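Data block below; observations after.
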Amino acid sequence: MSRKINFYAGPSTLPVDVLAELKKNIDEYQGMGLSLIETSHRSKEYDAVHNEAISLFRELLNIPEDYHVLFLGGGATLQFSMIPMNFLPAGRSCDFTLTGTWASKAYADTKKVGKVEVLFDGKDSGYTTLPESLEVHKDAAYLHITSNETIGGLQWQKWPEAGNVPIIADMSSDILSRPLPVEKFAMIYAGAQKNLGPAGVTIAIIRKDLLERCPDSLTAYLNYRTHADKNSLYNTPPVFSIYAMMHVLRWVKKQGGAEAMDRLSREKAAIIYNIIDESNGFYTCPVEEKSRSRMNIVFRLKNEDMEKTFIAEAGKRDMLGLKGHRVVGGCRASIYNSMPKEGVQQLADFMKEFARDRT
Ligand SMILES: *Cc1c(COP(=O)(O)O)cnc(C)c1O
């Protein structure tokens with residue numbers, strides 16, 4: 001059976017080498033007479049996996065010592081609640097940039113917990129632009145940004161300046177796709193299922209001093225300090241997701257790390273954007289050029305009928321998931337770290353041919 005090419009926004013494709021490794025170890029793990037996912041999360045075998053995943057993260061993203069790396073449940077979505085519960089004290093307010101669907105979801109949850117000031121709202125432009133600069137409130141508890149808007153196809157290419165105000169970033173859909181100045185952020189979080197592995201685990205990288213804010217009134221799971229104190233083993237972690245993620249991280253390291261992912265993602269995105277830009281308007285990208293995402297490429301054809309045909313024809317050629325999110329319509333190609341360049345080239349060839357046959 002030939003493998004389909006997965007352009008879905010998530011869960012994403014995984015490297016075939018990683019899938020092979022998982023398959024090999026699912027029946028039996030290291031002579032235990034059990035698979036890893038049947039054993040205790042307190043076993044020495046699992047402990048080694050857990051700690052290797054954490055240390056690979058530290059190595060690949062160059063995470064300084066004064067940051068915790070936490071593995072949590074509940075998806076990036078639970079972070080929308082936990083962040084304000086832990087880091088937005090009563091009587092203070094935080095700053096937000098509304099750059100698309102995900103930032104807006106985080107904002108809606110934050111507003112239920114405390115006060116929020118909106119520094120930028122891309123709504124009027126249909127969420128096709130990012131701010132040039134921000135006037136961050138000096139007394140803001142933190143500034144929240146969404147580094148890559150998965151649905152709108154926008155990505156911050158230059159990090160905002162916030163002075164002494166901690167920056168918290170949702171990097172669910174572009175973490176580890178480029179080197180990061182981690183010290184610019186107080187917290188970075190990401191669900192695993194786009195760039196890091198299968199769904200089930202959420203990564204939170206948190207500067208240690210921020211934990212002083214976590215209120216004792218919070219229940220155990222919702223308090224970041226609980227997880228930091230127990231090395232993310234307070235309760236049963238999603239062991240399979242973390243195990244798979246460890247293999248993805250090993251794979252990224254083998255490819256050459258964040259720098260290699262950066263280079264590859266630039267090359268892959270350029271292949272598709274070039275087709276769009278050189279199509280004489282057959283394909284259009286609604287996002288301003290300087291904010292285009294290298295992970296999620298959003299584009300339109302002349303009309304919805306043509307888009308339907310495009311998506312159906314692509315499906316016949318084993319290319320899946322090219323339909324845009326229902327909120328914005330159109331087409332979208334999600335090309336995360338694990339998408340091979342050959343998959344992108346196949347899409348590019350099809351786009352060229354599809355346009356040629358109709359102009
Ligand atoms: C997918 C996504 C989320 C939601 O992640 P879950 O793990 O499904 O909760 C949040 N933010 C961004 C930017 C995303 O792409």
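Numbering of ligands and ligand atoms starts at 1, following listing order. Predicted model only: the values in this text are computed from it and were never measured.
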Check: Would you call Glu149 a ligand 1 contact, heavy-atom distance under 4.0 Å?
Finding: no
Margin query: Taking a cutoff of less than 4.0 Å between a non-hydrogen atom of the residue and any ligand atom, is Met171 in contact with ligand 1?
Written below: no
Margin query: Can you see whether Gln79 engages Asp170 through a side-chain donor-acceptor pair at a distance of less than 3.5 angstrom?
Written below: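 No pair is found: no donor N or O on one side chain lies under 3.5 Å from an acceptor on the other.
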Notebook entry, point to check: Which heavy atom of the protein is the closest neighbour of atom 5 (O) of ligand 1, given with residue, atom name and distance?
Noted result: Ala76 CB, 3.5 Å
Notebook entry, point to check: Got the closest protein heavy atom to atom 15 (O) of ligand 1, with its distance?
Noted result: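 Sorting protein heavy atoms by distance from atom 15 (O) of ligand 1 puts Thr150 OG1, 2.4 Å first.
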Notebook entry, point to check: Got an N/O contact under 3.5 Å between Gly74 and ligand 1?
Noted result: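 So ligand 1 has no N or O lying under 3.5 Å from an N or O of Gly74.
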Which ligand 1 atoms does [X] reach within 4.0 Å, using its non-hydrogen atoms?
{"X": "Lys194", "value": "1 (C), 2 (C), 3 (C), 14 (C), 15 (O)"}
{"X": "Ser172", "value": "2 (C), 10 (C), 11 (N), 12 (C), 13 (C), 14 (C), 15 (O)"}
{"X": "Thr77", "value": "4 (C), 6 (P), 9 (O)"}
{"X": "Asn148", "value": "13 (C)"}

Note to self: Strictly distance-based, threshold 3.5 Å: is any side-chain N or O of Glu307 a donor or acceptor partner for the main-chain N or O of Leu301?
What the structure shows: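 Yes: the side chain of Glu307 pairs with the backbone of Leu301.
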Notebook entry, point to check: Under 3.5 Å, is there a donor-acceptor pair between the side chain of Ser279 and the main chain of Tyr283?
Noted result: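 Present.
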Next item on the list: To the nearest 0.5 Å, tell me how far Arg225 CZ sits from Asn86 CG.
Entry: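 If I round to the nearest 0.5 Å, the distance is 8.5 Å.
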Have a look at ligand 1 and work out which part of [X], if any, has a heavy atom under 4.0 Å from it: side chain, backbone, both or neither.
{"X": "Gln193", "value": "side chain"}
{"X": "Asp170", "value": "side chain"}
{"X": "Leu78", "value": "neither"}

[Y] ring centre to [X] NZ or CZ under 6.0 Å, with the angle to the axis within 45°?
{"X": "Lys194", "Y": "Trp102", "answer": "yes"}
{"X": "Lys254", "Y": "Trp251", "answer": "no"}
{"X": "Arg42", "Y": "Tyr46", "answer": "no"}

Notebook entry, point to check: Considering only heavy atoms from C-beta outward, does the side chain of Asn223 approach that of Thr226 to under 4.5 Å?
Noted result: yes
